[in-house]
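Scroll down for the structure; my scribbles are underneath it.
Computed over heavy atoms, backbone and side chain alike; hydrogens, waters and symmetry mates excluded. Just so we're on the same page: letters track the sequence lines, and every chain starts at 1.
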Amino acid sequence: MTTAVQAVADVMPQAQAIPFDVDSVRRDFPILGRAVRDRALVYLDNAATTQKPRSVIDAMDRYYEEENSNIHRGVHLLSQQATFAYERARGRIAKFVNASESAEIVFCRGTTEAVNLVAHAYARPRVQAGDEILVTHMEHHSNIVPWQMLCQATGAKLTVAPVTDEGELDLAGFADKLSSRTRLVAVTHASNVLGTINPIRQLCDLAHKFDIPVFVDGAQGAPHLGVDVRALGCDFYAFSGHKLFAPTGIGALWGRRELLEAMSPYEGGGSMIQSVTFEATTFAELPNKFEAGTPNIAGAIGLAAAVDYLNGLGMERIAAYEDELLVYATERLLAVDGLRLFGTAANKVAVVAFALDAAHPHDIGTILDIEGVAVRTGHHCAQPLMQRFGVPAMARASFAFYNTRREVDALVSALGKVREILG
Amino acid sequence: MSELRELYQQVILDHNRKPHNFGPLDTANRHQEGFNPLCGDHLHVYLRLSDDDVIEDIHFDGSGCAISKASASLMTQLLKGCTADEARQRFAGFHAMVTADNDAPVDLEAAGKLAVFSGVREFPMRVKCATLAWHTMKSALDSEATDPITTE
């Protein structure tokens, strides 16, 4: 079993030894140099979307300036180059998640579209009244609503695996919910609120005992953890480009070939066909079968450039640096009077959700913003999780590898302002 | 800091800490629930409208940020005794003030006590917080009369 991180480490045996030069990394991200409200930007909203390195911006500019053309249809040179760039991007993304082959990578708009694709093309024809779809209490709305809609359409039932007070998935509770009626498990790799990293391998082993396929929402996992879909043992894995330092409007769904092959297309249109008459259409091979219409070519190229950038830094070094930052941030936040931390799992990505007894999260967000610190406040598209913890909203600081201890200090000092004003 | 103080004026902070007319109104004959799905703010407006359309009493409760709570609290103070039409007009004036351009002059006289919310216009994301109670009040006025709500 090799993880993507190990794979990177194999290529770069010194990876761990090279100190992580965050100042130099920051210079790769043009936006980090800008000011907000006359202060240096402290961007701690990375779970919502990440900033883009120069190399990603350049790759997309270069595509539009030099290679822009439609793919898979022209015989002319530009079309060949665009097709090559798009398919090469797919190959790099396949490698990034350790897929067996690039045909298992379907480009989509993002994780949300991937969930909907699996719900429609995989689950819908296979789910009947009385069947169950199992999710967890810590899912993002995008990994709840499509399944709920599927249940409404089919008469199936959405079942929910419980989350502990620490914000970990209750494994026994999860196992209890699995049954011969369960048709699919949909679970997040890492919680966008609690930061909890779920034990995907273990969950897959449990589900596979009942021959239940597992869909993993990797929107928050992929940016922080080396993803190895084969080591995870899942059946589908999806992630969004914009949370992975790439542009919005692009993402990827990985699926095991036999599952993808057995599925009908999600959308009909150009590119996804082999031949069309008014009587019948034969569909294209994988992965084109799931990519109707002209895709987001520049986005795919940008996503591959982001993956190259991450590989250059090394996911293992990124994870190690972020772990240190998380420990520091947790320590400093816990020292803030009246602060309640949500999510204290043993395995976490660098996300801290909290509330202050003195202030509503929305006021925290505005006061922090005036201090130049960007955080997310609200329900984080996880209303059931807010209900689970008995709060209407939370504030959340979510980190990327370009964040620094200084920025954690800025967050803590801005929280002091909140207490000063509203305390 | 000045920007902060302009938004979080003392009056707003006071109303946030000690909201007026907070809690259900037993004698209400209009009730509406307001919800801001963006941030999770959630409140109820209860009011008693007389036969000649005068707001005899008005209360609110729920959870929300300082801006939404203070706005709801001040609103209930101002609207008690107003006719329904006057209440709608106050809302229109308030709405215009918090959504005006930053450099547009604030008509302090027309705004009256509500002028403390003029800083909100610099924070477009907070306009919904400031207006949630007002929107809810307006729907309550437009709604069908209900039996008085009891806390039993």
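No more than 12 heavy-atom neighbours from other residues, nucleotides or ligands sit within 6.0 angstrom of CZ on A:Arg34. No more than 12 heavy atoms of other residues, nucleotides or ligands lie within 6.0 Å of CZ in A:Arg406, so this atom counts as exposed by the packing criterion. For A:Arg388, the CZ atom is densely surrounded, since the number of other residues' heavy atoms within 6.0 Å is greater than 12. Counting heavy atoms of neighbouring residues, nucleotides and ligands inside a 6.0 Å radius, atom CG of B:Asn102 exceeds 12 of them.
Contact of the B:Arg126 side chain with the A:His362 side chain is registered, since non-hydrogen atoms from C-beta on lie closer than 4.5 Å. At least one side-chain heavy atom of A:His360 sits less than 4.5 Å from a side-chain heavy atom of B:Asp41.
Ranked by non-hydrogen atom pairs under 4.5 Å with chain A, the options B:Ser63, B:Ser68, B:Gly64 are led by B:Gly64.
Closest heavy-atom contact between B:Leu4 and A:Glu371: CD1-OE2, 3.9 Å. Contact record, B:Ala66 with A:Asp363: N-OD2, 2.5 Å, taken as the closest heavy-atom pair.
Of the atoms belonging to B:Ile67, heavy atoms from both backbone and side chain fall under 4.5 Å from chain A.
To the nearest 0.5 Å, atoms CG (A:Asp369) and CZ (B:Phe123) are separated by 7.0 Å.
Only one option out of A:Val418, A:Thr366, A:Ile370 pairs with B:Tyr8 in a side chain to side chain contact (heavy atoms under 4.5 Å, CB included); it is A:Thr366.
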